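This report refers to the structure that appears directly beneath it.
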Amino acid sequence: MPELPEVEIVKQSLKSAIKYKKLSKVIVKNRNLRFKIPINFERSLKNKVILNISRISKYIIIEFKSNLYCVFHLGMSGTIHLVKKKFDKITNLSFYQYKQVPKKHNHLKFVFPNFNIIYNDPRRFGFFKLFRNYKDLNLYFKKIGPEPFSKEFNSNYLFKKIQNKKKNIKNILLDQSIIAGLGNIYVNEILFYSKINPKKEGSQISKNEIKKIIKYSNIVLKLAIEYGGSSIRDFQNTEGVNGSFQKEFKIYGRKGETCSRNNCKGIITKFFQTNRSTFMCEICQK
DNA sequence: CCGTTAACCTGAGAGC
DNA sequence: TGCTCTCAGGTTAACG
């Protein structure tokens, strides 16, 4: 489900809900996520105070008091639900458009005095990990590249990373060690804005095109965050509000439609690059 | 080192 | 209604 903007929205929602709160306990109903949830997970987090919630790439980090970090990833289908316990009734939830928490695939429950946070994940590609010090936490993210908004993600950096690559630019931008947080939707969108053919190999990308990639990575992602993320199927924030950036897609999911660029009469095509769908306008993406 | 492929899972929707 | 097939916002181990 989530790319950088959606994970950012989840992080913000979660932060306003649980920062400085004391977690009463965790109940794990199914340990078999992408990685098995460690046996000491519940014991380690019981009665721990949350100091902060942050995001690196598509990972969310919950920092607990006394050097304890819970890192989780939503995979393709992971969602977080805030369920208030007032009068024994559910008064709020998130993500799913139903007015109740999904019945199946609720794998973890974080219990707080007045509400629960539920992790739901049908495909179980998501996971939870624990780190007991800052050094180990950093080590885990060592291979993750710079965030698109960072100063480090500049023309010189990207040129160095792609100048010798035979791989196509679309797959290069999906590589989390080169740039953190992009996924299939936003890579499609960024390449459309940059007028670059997704099949073009890294070494053939010009300096000017590199500048465009950097510029539009920033513009597209910032806009998507402002719109509350993209809700293709079921994404909502923790207040139960849909994102609306899917309405702004210029290329993703628009096979057969006419290119939206002024004076371009191109028809949008769809094909696959390493099993992921790519959408492009053959006329203006060179 | 590089690039590609398969694998991990369930559910929604299309087509018959 | 029901069966089969394809596709889905991600990551990574294994291979040549």
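Here the structure is a predicted model, which means the values were calculated and not measured. To find a chain, count down the sequence lines: A is the first, B the second, and so on, and within it residues start at 1. The figures here come from the full heavy-atom set of this structure, side chains too, leaving out hydrogens, waters and symmetry mates.
- The A/R124 side chain lies nearest to B/dT10 when the options are C/dA8, B/dT10, C/dG9.
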- Item | Candidate pair A/F72 and A/I62, rule side-chain contact (heavy atoms from CB on, under 4.5 Å), full reasoning | CA-CA 8 Å; A/F72 70 94; A/I62 305 175; 3.9 Å; yes
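- The base of C/dA8 sits with one of its N or O atoms less than 3.5 Å from a complementary donor or acceptor on the side chain of A/R123.
- Between the side-chain ring of A/F125 and the base of C/dT11, no stacking contact exists by the 5.5 Å and 30° definition.
- Phosphate proximity of B/dC9 to A/H105: absent, as no side-chain N or O sits under 4.0 Å from OP1 or OP2.
- Comparing C/dT11 with B/dA12, their P atoms sit 23 Å apart, to the nearest whole Å.
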Quick one: which protein N/O atoms are closer than 3.5 Å to N/O atoms of nucleotides 12-15 of chain C? Pair and distance per line, please.
from   : atom 1 : to    : atom 2 : distance (Å)
C/dT12 : O4'    : A/R34 : NH2    : 3.1

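- Rounded to the nearest 0.5 Å, atoms CD (A/E8) and OG (A/S57) are 11.5 Å apart.
- You'll find that the side chain of A/Q176 is closest to C/dT11, out of C/dT11, C/dG10, B/dT10.
- Which of C/dA8, C/dG9, B/dG11 sits closest to the side chain of A/Y252 comes down to C/dG9.
- Around atom OH of A/Y227, no more than 12 heavy atoms belonging to other residues, nucleotides or ligands sit under 6.0 Å away.
- Picking from C/dC7, C/dG9, B/dT10 the nucleotide with the shortest atom distance to the side chain of A/K270 gives C/dC7.
- Looking at A/I185, A/V220, A/L223, A/I225 one by one, the single match for side chain to side chain contact (heavy atoms under 4.5 Å, CB included) with A/P5 turns out to be A/I225.
- Atom-to-atom distance recorded for A/M280:CE and A/I251:CD1 is 8.0 Å, nearest 0.5 angstrom.
- Whole-Å rounding puts the A/N184 CG to C/dA8 P distance at 8 Å.
- With rounding to whole Å, A/R276 atom CZ is found 14 Å from B/dC8 atom C1'.
- Defined by atom type and a distance below 3.5 Å, a donor-acceptor pair is missing between the side-chain atoms of A/S217 and A/Y186.
- Between A/E209 and A/Q204, the shortest heavy-atom contact is OE1-O, 3.9 Å.
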Below 3.5 Å between N/O atoms, which protein atoms pair up with nucleotides 2-6 of chain B? Just atom names and distances, please.
from  : atom 1 : to     : atom 2 : distance (Å)
B/dG3 : OP1    : A/K166 : N      : 2.9
B/dG3 : OP1    : A/K167 : N      : 3.4

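- Atom CD1 of A/I225 is separated from atom P of C/dG9 by 19 Å (rounded to the nearest Å).
- In this entry the distance linking CD1 of A/I251 with C1' of C/dG9 reads 17 Å, nearest Å.
- Close to C/dG10, at under 4.0 Å from its OP1 or OP2, lies no side-chain N or O of A/H73.
- In this structure, A/E6 places its CD atom 16 Å from P of C/dA8, rounding to the nearest Å.
- A side-chain donor-acceptor contact under 3.5 Å links A/N120 to the backbone of A/H105.
- A/M76 has its CE atom 5 Å from the P atom of C/dG9, to the nearest Å.
- Here A/F64 and A/Y69 keep their ring centres 6.0 angstrom or further from each other.
- Under the 4.5 Å side-chain contact rule for hydrophobic residues, A/L137 and A/F35 share a cluster.
- Regarding A/I178, its CD1 atom lies at a distance of 14 Å from the P atom of B/dC1, rounded to whole Å.
- Taking a pair as Watson-Crick or G-U with both hydrogen-bonding distances under 3.5 Å, the stems of three or more pairs touching DNA chain B are B:2-8 with C:10-16, B:10-16 with C:2-8.
- Put simply, A/S277 has a side-chain N or O that comes within less than 4.0 Å of OP1 or OP2 on C/dA8.
- Note on ring orientation: taking the six-membered ring where Trp is involved, the planes of A/F112 and A/F115 are parallel (angle under 30°, cut-offs 30° and 60°).
- Using modelled atom types, one finds a donor on one side chain and an acceptor on the other under 3.5 Å when comparing A/D121 with A/Y119.
- As judged by a 4.0 angstrom heavy-atom cut-off over every strand, A/F245 is placed among residues making no nucleic acid contact.
- With 3.5 Å as the limit, one finds a donor-acceptor pair spanning the side chains of A/K170 and A/T278.
- Atom NZ in A/K255 sits about 11 Å away from atom P in C/dA8, given to the nearest Å.
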